[in-house]
Amino acid sequence: MSVHKAVRTPADMPVSGWYAVLPPPPKAQVLRGRYMADWVIVGAGFAGRAAARRLSQLVPNDRIAVVDAQRVGWGAAGRNSGFMIDLPHELGGENYGGSRDHDLKQIQMNRAAIEFSASAAEEFGLEPYFVRAGKIHGAATDHGLRSLREFESHLVGLAEDFRSLDAADMKGITGTDFFIGGTFTPGTVMAQPAGFIRGLAGGLAERVKIFENSPATLIETGAEHRVQTPEGEIVAPRLILTVNGHLESFGFFKRRLLHIFTYASMTRPLSNSEQASLGGERHWGLIPADPMGSTIRRIGDRIVVRNTFTYNPSMTTSEGQVEKIGHKHDRSFNARFPMLNGAGMEYRWGGHLCLSLNSAPAFGEIEDRVYVAGCCNGLGTVKGTLYGMLIADLAVGTEEPLVADALREPSPSTLYPKPLMAVGAPLRLWAVQRRAGREF
């Protein structure tokens, strides 16, 4: 038997705007007492929901239980930008792309995850939270524009569809003349992440037992696995961990996971006159030409700005850090939308990303009948969905060929010694964000 005691971290971060604009959720069902199951999943984000749904399809008569430390949609799953991206998206690269063969395989896998999510959106009536809108890569500098043209050349080599945009096209879409060019690709889904993940929980409620506000404090693995929470426990022969970076909180992948936070601000609803002054389309999503620049989304009468990455090995942020970085959001917003100067931000929040130095996932069977799906390297919506559904296939023993592809990926490599990480990681983030220049 192995015992894994969680190193818990505070969960009282500022509310995500995505979560705040939703109607109040139903009362949480908290785990109390002992619950017997065939499967227990720890973590109710994109990976946990995908694993639960896939298990409900593969073994519909089995008892499946999910526990989460918070309300569904409150944590990292409901704090991202909502881009479910099909194409290459390497955050550490100059123009997102990698080698041709690697990227072709990643596209195939990402699209499998998107189709799995699309079928869930149709099944549970979540289409308003899951829109096949495509995405824009926007350039604000000549250097950024050259990077986009290199990216387009890469897409030609991959036989992928795209459309080059000039400054007039960009203004017609965004309403601002800040951008000098762009690239539109049609395959990205624009999700309302908190709404989509909460909707998945509601849709699965008849097939899957979901316990919220029930943090796992202790995990014992053996012939029967036991997941203990403050007021109860679940006993099951099969355990799936879908807690992303918090794998390390339970003692798994120690010194292999890199804990990064990124931050976002959402405006108050824009008035009719402000929207008229802005012009452009009412719904669009833009990724910067430089991966460390500002991501922008317009969702009707609101605009979301996301930028800035910080190294937070404690896996926490603070209201003070969120507020400080919010001033950077304000500067980025005002630079892009001077006609909206004075449109205040109603919500500001941070979200936890888990990366590895070699961009590898944490995926597979790590103990007997103990499975993990995490370390999504900044692509939690699509990669979390992908690895969540594939870990269910692996655990059940299907012959899904993408499982073999996932198992062929390397494991997260060991981090540098702590003193080097403490100095080097923040310095590296500072340098690459400074490189973004006006794209920031």
Side-chain angles (χ1 to χ4, degrees), residues 7 9 13 43 45-47 75-77 79-85 87-98 102-103 106 109-110 113 193 241-250 252-264 287-288 290-293 295 306-317 321 325 350-364 366 372-388 406 409-418 420-433 435-436:
V7 180
T9 54
M13 294 189 297
F46 279 92
R79 293 173 177 271
N80 60 71
S81 296
F83 291 73
M84 190 170 277
I85 298 172
L87 294 177
H89 194 80
E90 174 56 63
L91 286 176
E94 285 281 343
N95 62 7
Y96 298 97
H102 176 268
D103 285 350
Q106 292 303 307
M109 297 175 81
N110 292 347
L241 297 173
T242 53
V243 290
N244 207 20
H246 280 287
L247 286 167
E248 194 167 9
S249 298
F250 292 100
F252 298 107
F253 296 93
K254 295 290 289 184
R255 303 289 306 140
R256 292 176 182 272
L257 306 181
L258 188 61
H259 304 291
I260 304 295
F261 269 69
T262 189
Y263 304 83
I287 290 174
D290 188 289
M292 295 295 113
T295 296
R306 192 221 71 183
N307 63 40
T308 308
F309 294 84
T310 61
Y311 176 54
N312 295 39
S314 66
M315 289 179 266
T316 64
T317 185
Q321 189 172 35
I325 291 169
H352 180 198
L353 307 180
C354 177
L355 314 178
S356 60
L357 288 180
N358 57 340
S359 300
F363 179 85
I366 54 173
V372 298
C375 193
C376 297
N377 288 285
L379 295 172
T381 53
V382 69
K383 293 298 187 185
T385 300
L386 173 70
Y387 295 125
E409 297 193 55
S411 295
S413 58
T414 303
L415 301 180
Y416 303 116
K418 282 186 178 181
L420 288 179
M421 292 300 301
V423 175
L427 186 62
R428 171 64 176 167
L429 287 172
W430 175 84
V432 295
Q433 289 174 118
R435 177 197 70 192

Colleague: Verify side chain to side chain contact (heavy atoms under 4.5 Å, CB included) between Phe46 and Val382, making sure each step is shown before the conclusion.
Modeller: CA-CA 8 Å; Phe46 279 92; Val382 69; over 6 Å; no

Colleague: What are the two closest heavy atoms between Asn358 and Ser411, and how far apart are they?
Modeller: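 Of all heavy-atom pairs spanning Asn358 and Ser411, the closest is ND2-O, 3.0 Å.
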
Colleague: Judged by atom type as modelled, is there a donor-acceptor pair below 3.5 Å linking the side chain of Asn244 to the main-chain atoms of Cys375?
Modeller: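 Flag set: sc Asn244 to bb Cys375 pair under 3.5 Å.
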
Colleague: Indicate yes or no: at least one non-hydrogen side-chain atom of Thr262 is less than 4.5 angstrom from one of Thr295.
Modeller: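 Thr262 vs Thr295: side chains apart.
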
Colleague: May I ask you to test the Gln106-Lys383 pair for a side-chain heavy-atom distance under 4.5 Å?
Modeller: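 Of all side-chain heavy-atom pairs linking Lys383 with Gln106, at least one is under 4.5 Å.
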
Colleague: Relative to each other, are the rings of His246 and His352 parallel, tilted or perpendicular (30° and 60° limits)?
Modeller: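 Ring orientation, 0 to 90° scale: perpendicular.
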
Colleague: Let me confirm one number: the NZ-CG distance from Lys254 to Leu415, rounded to the nearest 0.5 Å.
Modeller: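 Output value for this atom pair is 11.0 Å.
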
Colleague: Between Arg255 (side chain) and Tyr416 (backbone), is there a donor-acceptor pair under 3.5 Å?
Modeller: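 Yes: the side chain of Arg255 pairs with the backbone of Tyr416.
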
Colleague: Just verifying a value: how many Å separate Phe261 CZ and Thr316 OG1, rounded to the nearest 0.5 Å?
Modeller: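 These two atoms lie 6.0 Å from each other.
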
Colleague: Does Val243 reach the side chain of Ser249, with side-chain heavy atoms less than 4.5 Å apart?
Modeller: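 No, their side chains stay 4.5 Å or more apart.
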
Colleague: From Ile287 CD1 over to Leu87 CG, what is the distance, rounded to the nearest 0.5 angstrom?
Modeller: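 That separation rounds to 9.5 Å.
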
Colleague: Rounded to the nearest 0.5 Å, how far apart are CZ of Arg428 and CD of Gln433?
Modeller: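 One gets 10.5 Å once the value is rounded to the nearest 0.5 Å.
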
Colleague: Counting N and O atoms only, with roles assigned by atom type, does the side chain of Arg256 sit under 3.5 Å from a partner on the main chain of Pro412, one being a donor and the other an acceptor?
Modeller: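 Yes, the answer is positive, given that a donor and an acceptor are paired below the 3.5 Å cut-off.
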
Colleague: Would you sort out whether Leu379 and Leu386 count as a side chain to side chain contact (heavy atoms under 4.5 Å, CB included), showing the intermediate values?
Modeller: CA-CA 10 Å; Leu379 295 172; Leu386 173 70; over 6 Å; no

Colleague: Taking Asn377 for its side chain and Ser356 for its backbone only, find out whether a donor-acceptor pair lies under 3.5 Å.
Modeller: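 Pair found, side chain donor or acceptor close to backbone of Ser356.
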
Colleague: Taking all heavy atoms of Arg306 and all of Ser81, pick out the closest pair and write down the distance.
Modeller: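 The pair with the smallest heavy-atom distance is CD-OG, 3.3 Å.
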
Colleague: Is there a donor-acceptor pair under 3.5 Å between the side chain of Thr381 and the backbone N or O of Gly82?
Modeller: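 Side chain of Thr381 to backbone of Gly82, a donor-acceptor pair under 3.5 Å: no, none is there.
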
Colleague: Taking C-beta and beyond as the side chain, do Ile325 and Thr310 meet within less than 4.5 Å on heavy atoms?
Modeller: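 Contact flag for Ile325/Thr310 side chains = yes.
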
Colleague: Could you pull out the closest heavy-atom pair between Leu257 and Gly245, with the gap in Å?
Modeller: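 It is CD1-O, 3.8 Å.
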
Colleague: Can you see which heavy atom on Gly293 is nearest to which on Asn307, and at what distance?
Modeller: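 Looking at all heavy atoms of both residues, the shortest contact is O-CB, 4.0 Å.
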
Colleague: To the nearest 0.5 Å, tell me how far Tyr311 OH sits from Leu429 CG.
Modeller: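 With rounding to 0.5 Å, OH (Tyr311) is 10.0 Å from CG (Leu429).
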
Colleague: With distance as the sole test, does Thr242 use its side chain to make a donor-acceptor pair with the main-chain N or O of Ala373 at under 3.5 Å?
Modeller: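 Absent.
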
Colleague: Could you check Tyr387 against Glu409 for side chain to side chain contact (heavy atoms under 4.5 Å, CB included), going step by step and ending with a plain yes or no?
Modeller: CA-CA 12 Å; Tyr387 295 125; Glu409 297 193 55; 3.0 Å; yes

Colleague: How long is the span from the CG atom in Leu353 to the CZ atom in Phe309, to the nearest 0.5 Å?
Modeller: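 Answer rounded to 0.5 Å: 6.0 Å.
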
Colleague: Do Asn110 and Ile85 come within less than 4.5 Å of each other through their side chains, counting heavy atoms only?
Modeller: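 No, their side chains stay 4.5 Å or more apart.
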
Colleague: Is Asp290 reaching over with its side chain to a backbone N or O of Met292, donor-acceptor style, under 3.5 angstrom?
Modeller: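 The answer is yes, because a donor-acceptor pair under 3.5 Å joins these two groups.
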
Colleague: Looking at Pro291 and Arg435, what are the two nearest heavy atoms and their distance?
Modeller: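 So the two residues come closest at CD-NH2, 4.1 Å.
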
